[in-house]
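Just below is one structure, and these are the notes that go with it.
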Amino acid sequence: MASYTSLYRKYRPDTFDKMLGQKHIIKTLSNTILAGKISHAYLFTGTRGTGKTSTAKIFAKAINCLSPLADGSPCGECEVCKALSSPNNMDILEMDAASNNSVDDIRDLIEKVKYVPVASKYKVYIIDEVHMLTMQAFNALLKTLEEPPEHTVFILATTEVHKLPQTILSRCMRFDFRLLSTSELTDYLMKIFDKEGREYQKEAIRAIAEAGDGSVRDMLSVADMCLSYTSEKLTYEDVLEVLGASSPKLVVELCAAIIDHNAKKALEVTDKIISLGKSVALLARDVSKMMRAMLYVLNCSNANSFLSLPKDIFDSLVAISNDTDNGTLVRIIEIFVNIENELRVSASPMITLEMSVVKACDLTIDLDGDTVIRRLKDVEAKIRTMAKHLGDSDELKLDLGEVWGYLLNTVKAGGSQQAYTCAAGITGESLSFDNGVLYIKIDSEKNLPVIRQYVKQFESIIRKRYFEITGVEISFFDKEKALNNDVKKVQDLFDEEMVNIINSKNIES
C-alpha cells in the first residue's frame, strides 16, 4: 500500500504562479530574478503557514535556473533545476535554527560558505525560525551576512521578526507575508477537493477555511482530518464534529436567549452544550463568532455572501437581529472574547463561562467603563427626546411622519426588503397615537397577515428611540363600509326634509 501524502505537502507550490496570495512579494521577487539583481540576504517574515519556506525554495531554484519562465519561476526542466530538485543536492541548504541555534552551529555554517556551488551559480542557505538563534550566534553570523562570498545568498525566515537584532535586520531585504482571506482559502480548497474527486457542501469548505485563520497549512491540516473523517460527501456538520465545535443550532438558541435577556434559558442551553462534551473555551469562541455574524446580518444587505452559513442558521440570525442593535452586540462580543484570557488562569472555567453568560443577558450589571458610558448616552438621548416632544406643555407631541420615517430608514438599513416594502405602504394618514399606543389603520384586509408578521419588529425598532410609545396595534379600516355608513347617515338626516320639499313643489304646481 502506497504511503499517504498530506495535502499541504502534496500541493506545496513549486512555481510563483501557484503561490496563494502574497502578490506584492511574488511580483518583487520575479522582477529581481528577471533583472538579474540578486541581493545577498533576504528576510521572509509573517505568520505560520503563509508560504515563507515555499517561496524561499522557489526563489532559490529560480535564481539558478538556466531558462526561467516569464514570471521568473524555475522551469523545472533544465539540468540545474533537476539537480536542485534532488534531496542530495549541496547548493540549497536548509537549516532549522530552532534545533541548531548555537554559536558552534553558525561557525560550522560559515566554514561551508567558503565552498563554491557544485551545479549552480548561487549557493543558497535557508535558515528557518532564525529568531531562535542565540545572541552569540547572531554576532557570529553578522560579518558573513554583511559581506558574503559572491556565490552565496542567505534567506532568513521567521514568525517573530521583533526578536531579531537590528544589526541583522538592516542587512536584509525584508518581505512581510500576510494572512490570507477566508474567501481566498475557500476558493483554493474547493479546487483541491475537486482535484481529489471529493464531494462537499460549500458551507463545509468555508468552515474549514475559517478554521485555518488565514494560514494555508493550518487549513490543509484540518482538511486532511475532514477527509479522513468521512468517505462520503463532506457536510457542514462533519466539519463541526472534526473541529469539536458546538452545534450551530444550539449556539443560535443560546444567542437568542442572551438577546432576549432570558438568563434562565441561556444557562440551560449552556449546560446542554457543555454536557455534550464541548469545550468551554470553544463554546465562548463559537458564541462570539455567531454574534459577529449577527453584526453582518444587522448591517449588510448581502450578509450571507460574506458568511456562507446554512440557510436555516442564517434565517434564524435574521430573526434574532431584529431585537438588538450594534452597541449591544459589540459589548456581548467583548465579553466572550475577553473570557478566553480568563479561562487560561481560571480554576473553575464553567463558573467563568456562566458568569459571562448572565452578564451578557443583563448588561445593566456590567460595570465595564464603555458600557456605563453607553448607558449614560442612552439616558441623555431619551431625555433630549422627551424635551423635544413635551415642548411647553405636559402633553406628549409626536410627529408621526418622523416616527415612520425613522422606522423606514432602519428597516431598509437592516436589509429586509419585504419588511421595508410592507412599511413603505403605510402612509401618515393611517397613523394615530393615543395613550402610549401607536395605531395603524389598514384599508386592505388582504394586507393584514403580512403586516402582522412584522408588527413586533416595527414595535421593537420604534420603542428604542421613542420611549413614549409603549405598543403598536393594527386595525382593519373598511373604507367602502365606512363610506356607505356615512351616506346612510346623510340620507337618514335629509330624507324627511326632501319629502317635504317635493310635496310643497307639487302643491304649488
Side-chain angles (χ1 to χ4, degrees), residues 256-262 265 294 297-298 315-329 361-364 378-379 381-391 393-489:
I258 291 172
I259 296 300
D260 196 36
H261 312 299
N262 190 338
K265 179 68 179 295
M294 214 178 299
V297 172
L298 198 61
D315 290 343
S316 298
L317 290 184
V318 171
I320 299 170
S321 65
N322 293 330
D323 298 323
T324 189
D325 55 65
N326 287 331
T328 301
L329 288 175
C361 288
D362 185 3
L363 293 178
T364 60
D378 289 342
V379 172
K382 288 182 178 180
I383 292 173
R384 283 195 295 270
T385 304
M386 181 184 289
K388 176 181 176 182
H389 293 305
L390 282 173
S393 68
D394 291 334
E395 184 182 354
L396 286 172
K397 298 176 181 178
L398 272 178
D399 183 340
L400 299 182
E402 177 191 307
V403 173
W404 208 252
Y406 166 73
L407 173 70
L408 284 172
N409 290 333
T410 306
V411 172
K412 186 176 183 180
S416 178
Q417 185 59 44
Q418 188 173 7
Y420 176 74
T421 303
C422 175
I426 298 172
T427 61
E429 293 79 13
S430 305
L431 305 172
S432 61
F433 176 67
D434 183 41
N435 199 25
V437 179
L438 179 66
Y439 292 97
I440 305 172
K441 291 183 179 180
I442 306 300
D443 57 13
S444 176
E445 196 166 7
K446 67 179 182 179
N447 291 338
L448 272 177
V450 179
I451 296 172
R452 283 195 178 119
Q453 182 182 346
Y454 297 104
V455 171
K456 286 190 177 180
Q457 178 184 347
F458 293 167
E459 182 177 322
S460 174
I461 293 171
I462 291 171
R463 288 184 64 184
K464 284 175 185 174
R465 178 162 180 173
Y466 300 95
F467 69 97
E468 57 269 50
I469 296 177
T470 58
V472 176
E473 292 187 11
I474 292 180
S475 62
F476 171 58
F477 177 66
D478 192 332
K479 277 187 175 181
E480 185 175 348
K481 186 176 180 181
L483 180 61
N484 290 337
N485 288 338
D486 289 341
V487 171
K488 189 174 183 307
K489 287 178 182 179

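Side chains included, hydrogens not; waters and symmetry mates left out as well; all remaining heavy atoms used.
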**OP:** Not counting sequence neighbours, which residues clear salt bridge (charged side-chain N to carboxylate O under 4.0 Å, His left out) with D323? List them please.
**Re:** none

**OP:** Taking salt bridge (charged side-chain N to carboxylate O under 4.0 Å, His left out) as the test, write out the residues that go with K265, two or more places apart.
**Re:**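 K265 satisfies salt bridge (charged side-chain N to carboxylate O under 4.0 Å, His left out) with E253 once adjacent residues are dropped.
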
Original post:
Short question: side chain of S321, backbone of V318 - any donor-acceptor pair under 3.5 Å?
Top reply: yes

Spacing of [atom1] belonging to [X] relative to [atom2] belonging to [Y], to within rounding of 0.5 Å:
X	Y	atom1	atom2	value
K456	I461	NZ	CD1	14.5 Å
L298	D325	CG	CG	7.5 Å
M294	I320	CE	CD1	4.5 Å

Subject >> Audit row: I440, L431, side-chain contact (heavy atoms from CB on, under 4.5 Å) steps and yes/no >> reply: CA-CA 5 Å; I440 305 172; L431 305 172; 3.7 Å; yes

**OP:** Taking all non-hydrogen atoms of both residues into account, name the closest pair between C361 and A257 and its distance.
**Re:**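 Nearest heavy atoms, C361 then A257: SG-O, 4.3 Å.
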
Original post:
Below 4.5 Å, heavy atoms only, C-beta onward: do L438 and L400 meet side chain to side chain?
Top reply: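 The answer is yes, as the side chains (C-beta and beyond) meet within the 4.5 Å cut-off.
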
Subject >> Residues forming a side chain to side chain donor-acceptor pair (under 3.5 Å) with N326, sequence neighbours excluded >> reply: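 Partners of N326 by the side chain to side chain donor-acceptor pair (under 3.5 Å) criterion, ordered by chain and then number, come out as N299.
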
**OP:** Return the set of residues passing side chain to side chain donor-acceptor pair (under 3.5 Å) with D260 (not counting sequence neighbours), or none when no residue passes.
**Re:**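 D260 satisfies side chain to side chain donor-acceptor pair (under 3.5 Å) with no residue once adjacent residues are dropped.
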
**OP:** Not counting sequence neighbours, which residues clear side-chain contact (heavy atoms from CB on, under 4.5 Å) with E459? List them please.
**Re:**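 If we apply the side-chain contact (heavy atoms from CB on, under 4.5 Å) test to E459, skipping adjacent residues, the hits are R463, V472.
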
**OP:** With sequence neighbours left out, write down each residue that passes ring-ring contact (aromatic ring centres under 6.0 Å, His included) with Y439, or none if nothing qualifies.
**Re:** none

**OP:** Might you work through the side-chain contact (heavy atoms from CB on, under 4.5 Å) test for L329 and I259, ending with a clear yes or no?
**Re:** CA-CA 9 Å; L329 288 175; I259 296 300; 4.0 Å; yes

